[in-house]
K.L.:
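Structure in structure tokens, see below.
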There are 2 protein chains.
Amino acid sequence: MQSILENIAKHVTLTPEEQELFLSKTETKQFKAKTILLSAGEVATCTYFVNSGILRSFNINDNIIEHVLHFACEGWWIGDMYSYISEKPGNLFIEVLEDAEVVIITKENHQKLYQEIPKLERFFRILAENSLVSHQERLMDNLSLTAEERFEKFCSKYPTLIQKVPQKHIASYIGVTPEFFSKMKARLLKK
Amino acid sequence: MQSILENIAKHVTLTPEEQELFLSKTETKQFKAKTILLSAGEVATCTYFVNSGILRSFNINDNIIEHVLHFACEGWWIGDMYSYISEKPGNLFIEVLEDAEVVIITKENHQKLYQEIPKLERFFRILAENSLVSHQERLMDNLSLTAEERFEKFCSKYPTLIQKVPQKHIASYIGVTPEFFSKMKARLLKK
DNA sequence: ATAATTTCTTAATCTAGGTTAAGTGCTCTT
DNA sequence: AAGAGCACTTAACCTAGATTAAGAAATTAT
């Protein structure tokens, strides 16, 4: 299991005291599958780091159709960035898909940490930049690839997720209906 | 015209000396429309801030079809973040659509600036986070809205761009062919 | 001004993926 | 272990948007 300190150490070096301080501003909790950590309409007051298990973020449009924005498993961060930084009600739900242990940082503590450990500005800058890059890539993929190509890309990028999460969520992530996904999968298996 | 220092001042406060230092690490250039600042296959060594004029970033897939990732006019940043941070050849082109004045920061100078003015980590963190939020929103819009709805959203978000850039680029940005865009526009005008 | 190139429009035809609906197999419950 | 939900599949039919092609309008270059 990758700890949150190891995750930070990928990009910046904290002293033992800083590490201590950092952990003191976090809280680690266990959640059962199906727990909703955040609902649309609420203001996101926390950011989450996944120690184990799987979470997803998604929105629901008027027609009661869900769209998965993001999956997060071991070693990934997840949250509603829009709501978190604007402090306005967001559109995202965050749900536990598989029993999980999650490190929680409140925005209040996050701000204090920025003051006390300015190096963390760098860490979260790099985190945001990397996330931006992968969202840009996904955007371009949605514009230029077929559903089949997006699925293949998903498989090679997140091989572990395919067995673990209900395939309707993967269908939603790549942007097709569960019915079409099923048809497409059958077609691919024939090859 | 919004200067780059005003842009920075939105999120962090630089002393006069820091402002001086910052500007000394940038270069301001004029470019004629149609100039290509970056081509796919090249490593992006610079980030750009637009003083005036309009730029766009786009990729081209095998079929010679362009997809617009981003427009940037006065007061906006633009670049190929993937290539810039990974230092690998990128997929994006950056092109001048309307005669422009652009502030250029090389990656080398950017890194020096981070060392000399650590506050800039914070600025670029906030910049990346905001950009991330708008990419996430666009992603979800592409998954859940019709072309017509995406176009209406584009109009209300970037009203000035509509008159200024060729509509085929707007079609590409919202993810439809120029032909369909034209048909859709005619349909909307009838209402 | 005129030619050349690009952009935009219109229209006919096509298709990837959506919708609706019914049925099958899971895995939780209790 | 029997039922109640879910998750998945299959199939018929439908539609938003793509493709192809041709002409009109606008820009740009000479």
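Letters go in sequence order (proteins before strands), and every chain restarts at 1.
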K.L.:
Under 4.0 Å from OP1 or OP2 of D:dT9: is there any side-chain N or O of A:K185 that close?
P.N.:
yes
K.L.:
Measure NZ/A:K168 against C1'/C:dC26 and give the value in whole Å, please.
P.N.:
13 Å
K.L.:
Against A:D99, only a single residue in A:K34, A:K164, A:K32, A:K29 fulfils salt bridge (charged side-chain N to carboxylate O under 4.0 Å, His left out); can you say which?
P.N.:
A:K32
K.L.:
Tell me whether the side-chain N/O atoms of A:R187 come closer than 4.0 Å to OP1 or OP2 in C:dA16.
P.N.:
no
K.L.:
Could you state the CG-C1' distance from B:N142 to C:dG18, rounded to the nearest angstrom?
P.N.:
17 Å
K.L.:
Taking atom P of D:dT27 as reference, at what distance in whole Å does atom NZ of B:K164 sit?
P.N.:
16 Å
K.L.:
Nearest to the side chain of B:S182, heavy atoms from C-beta on, is which of C:dT10, C:dA21, C:dT7?
P.N.:
C:dT10
K.L.:
Between B:F180 and B:K34, which has a closest nucleotide on DNA chain C that is more 5'?
P.N.:
B:K34
K.L.:
Any idea which of D:dG17, D:dA11, C:dC8 is nearest the B:P166 side chain?
P.N.:
C:dC8
K.L.:
Over 60° means perpendicular and under 30° means parallel, so tell me whether B:F71 and B:H169 are parallel, tilted or perpendicular.
P.N.:
tilted
K.L.:
Nearest whole Å is fine: how far is D:dG17 P from B:H67 NE2?
P.N.:
15 Å
K.L.:
Do you know which two heavy atoms are closest between A:N51 and A:S3, and how far apart they sit?
P.N.:
OD1-CA, 4.5 Å
K.L.:
Whole angstroms only, please: what is the CZ-P distance between A:F181 and C:dG18?
P.N.:
12 Å
K.L.:
Examine D:dA18: is either OP1 or OP2 under 4.0 Å from a nitrogen or oxygen in the side chain of B:T177? Give yes or no.
P.N.:
yes
K.L.:
Less than 6.0 angstrom from the centroid, inside 45 degrees of the normal: does B:R125 satisfy that with respect to the ring of A:Y114?
P.N.:
yes
K.L.:
Without decimals, in angstroms, what is the distance between A:E179 CD and C:dT19 C1'?
P.N.:
8 Å
K.L.:
Using whole Å, what does the distance between atom C1' of nucleotide D:dC6 and atom CD of A:E95 come to?
P.N.:
13 Å
K.L.:
Considering only C:dT10, C:dA21, D:dG17, which nucleotide approaches the side chain of B:A147 most closely?
P.N.:
D:dG17
K.L.:
Under 4.0 Å, counting only non-hydrogen atoms across every strand here, what does A:Q167 touch: a base, just sugar-phosphate, or nothing?
P.N.:
sugar-phosphate
K.L.:
Whole angstroms only, please: what is the CD-C1' distance between A:E148 and C:dG17?
P.N.:
12 Å
K.L.:
Once rounded to the nearest 0.5 Å, what's the spacing between atom NZ of B:K107 and atom CD1 of B:I85?
P.N.:
7.5 Å
K.L.:
Quick one: is A:R150 getting a side-chain N or O under 4.0 Å of the C:dA16 phosphate, OP1 or OP2?
P.N.:
no
